[in-house]
Amino acid sequence: AAPGKLTPDDSHTLLVRGKTYHYLLGNPAGGVSSTTTTVVLVHGWPDLAFGWRYQVPFLQALGLRVVVPDMLGYGRTDAPEPIEPYSYKSVVEDLAVLAAHVAGPRQPVVLGGHDWGGAVVWRFALWRPELTCAVFSVCTPYWQPLKTWVPREVLVETLLPNFRYQLQLAGPDVEADVVGPEKLRRFLSSLFGGRGPNDEFGFSTEVGVMFENLDKIGPSPLLSAAEMDFYVDEYSRHGLHGPLNWYRNSRVNFEEEQELVEQNRSRISAPSLLIVASKDKALPPAMAAGMDRFFDSLVKEEVNTNHWALWEAPQEVNGHIGKFLADVLK
Ligand SMILES: O=C(NCCCc1ccccc1)N[C@H]1CC[C@H](OCc2c(F)cccc2F)CC1
């Protein structure tokens, strides 16, 4: 692979704990040396490894090796039917295997996440602190493992009304209705900021997918037609069952994390960066209030974007990540 930029032959697959993962591997400008640091980038919903397209070349130019998987259920990675393989603990173990394959056994790596990927990288730092060199999250705050089970509908009614859409996404309706490339295109355009002729939304955090509006939704200004075609093609492979399984593990995640609660493991010692997005309706900056108390070293930054900060303000996002990593790796 050409050092410093992604080429088509930088696409790889690896059998990871019984699942085939597809990932992009970007080598650093100047080539790999024994001291090269590896960054693992974890995308969210509904996204792909391609969602990090504005960050990968920037990180390669900094001299980093970049590993970017299609997460479980997405793109050219397998999409198992059951929900358990999509739990935080299981996905963290998958990422640990992938990181070791690229960076070598027991080599600490930098973890970067957006959205669900942000939640995953915080969990990686909790479960595998010995493999965590540094961690950054875009949009997603940290929350500690809880010892009391709160059903998602109660969490929505009492504390996080902005999570109400997750009740719909955990149910059967979206994967039953959003089938085939044209429906998937309208669905993805809705999530990526596309609107109807009278500014109608196809998705809202209060409701979720607004099925009656889908056929009116136009292209998102955040992606070119070719980029959108790629997302539609990639999502047409498996449909939405896998991606939606991420919303069906609240109880599994709670039960798996009791091990962390019992061991009093709720603090993150690795140098950490949170970049919040001012206008993100799913993950508003206010959700990050109070998380500092769980960190030995936390930097918080804000960008003035909606949920898709990686694409809306890549220069600012990359600037914050670059400054953070320069401090960590100096
Ligand atoms: O659903 C997600 N993303 C879809 C966004 C769709 C959208 C697109 C464009 C505009 C608006 C919305 N992300 C998940 C990521 C994990 C989060 O759960 C972790 C968690 C807790 F469980 C409790 C406290 C904080 C915390 F972060 C829950 C949101």
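Keep in mind it's a predicted model, so treat the numbers as computed, not measured. Counting convention: from 1, in listed order, for ligands and their atoms alike.
In this structure, G44 has no heavy atom closer than 4.0 Å to ligand 1. Heavy-atom distances between K281 and ligand 1 stay at or above 4.0 Å for every pair. Not a single heavy atom of W246 sits under 4.0 Å from any atom of ligand 1.
Given atom 6 (C) of ligand 1, the protein heavy atom at minimum distance is L191 CD1, 3.7 Å. Looking only at heavy atoms of the protein, atom 24 (C) of ligand 1 is closest to M287 CE, 3.8 Å. Of the protein's non-hydrogen atoms, the one nearest atom 17 (C) of ligand 1 is F163 CZ, 4.2 Å. Nearest protein heavy-atom contact of atom 13 (N) of ligand 1 is D115 OD1, 2.8 Å. Of all protein heavy atoms, the one closest to atom 28 (C) of ligand 1 is Q166 NE2, 3.3 Å.
Comment: E259 engages K89 in a salt bridge, judged by a side-chain N to carboxylate O separation of less than 4.0 angstrom. Ion pairing of E234 with R76 is present here, as a side-chain N (NZ or NE/NH1/NH2) and a carboxylate O approach within less than 4.0 Å. With respect to the salt-bridge test (charged N to carboxylate O, under 4.0 angstrom), the residues R128 and E130 qualify. Under a 4.0 Å N-O distance rule, the pair R186/E212 does not qualify as a salt bridge.
Taking all heavy atoms of Y142, Y165, Y88, F201 into account, the minimum distance to atom 1 (O) of ligand 1 is reached by Y165. Nearest-residue assignment for atom 4 (C) of ligand 1 (options W308, Y247, W116, F254; heavy-atom criterion): Y247.
Of all the atoms in ligand 1, the ones that sit under 4.0 Å from a non-hydrogen atom of T140 are 27 (F).
Ligand 1 has no N or O atom lying under 3.5 Å from any N or O atom of R152, backbone or side chain. Between W143 and ligand 1, no N or O atom pair is found at a separation short of 3.5 Å. By the 3.5 Å distance cut-off applied to N or O atoms, H307 is not counted among the residues near ligand 1.
Counting heavy atoms closer than 4.0 Å to ligand 1, residue P141 contributes atoms from both its backbone and its side chain.
Just one residue in the list Y74, W116, Y231 forms a side-chain contact (heavy atoms from CB on, under 4.5 Å) with D47, and that residue is Y231.
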Test E312 against L310 for side chain to side chain contact (heavy atoms under 4.5 Å, CB included), laying out the working first.
CA-CA 6 Å; E312 294 176 61; L310 302 182; over 6 Å; no
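For the pair N213 (side chain) and F201 (backbone), a donor-acceptor distance under 3.5 Å is present. A side-chain donor-acceptor contact under 3.5 Å links N245 to the backbone of P82.
No cation-pi contact links R267 to F295, judged by a cut-off of 6.0 Å to the six-membered ring centre and 45° from its axis.
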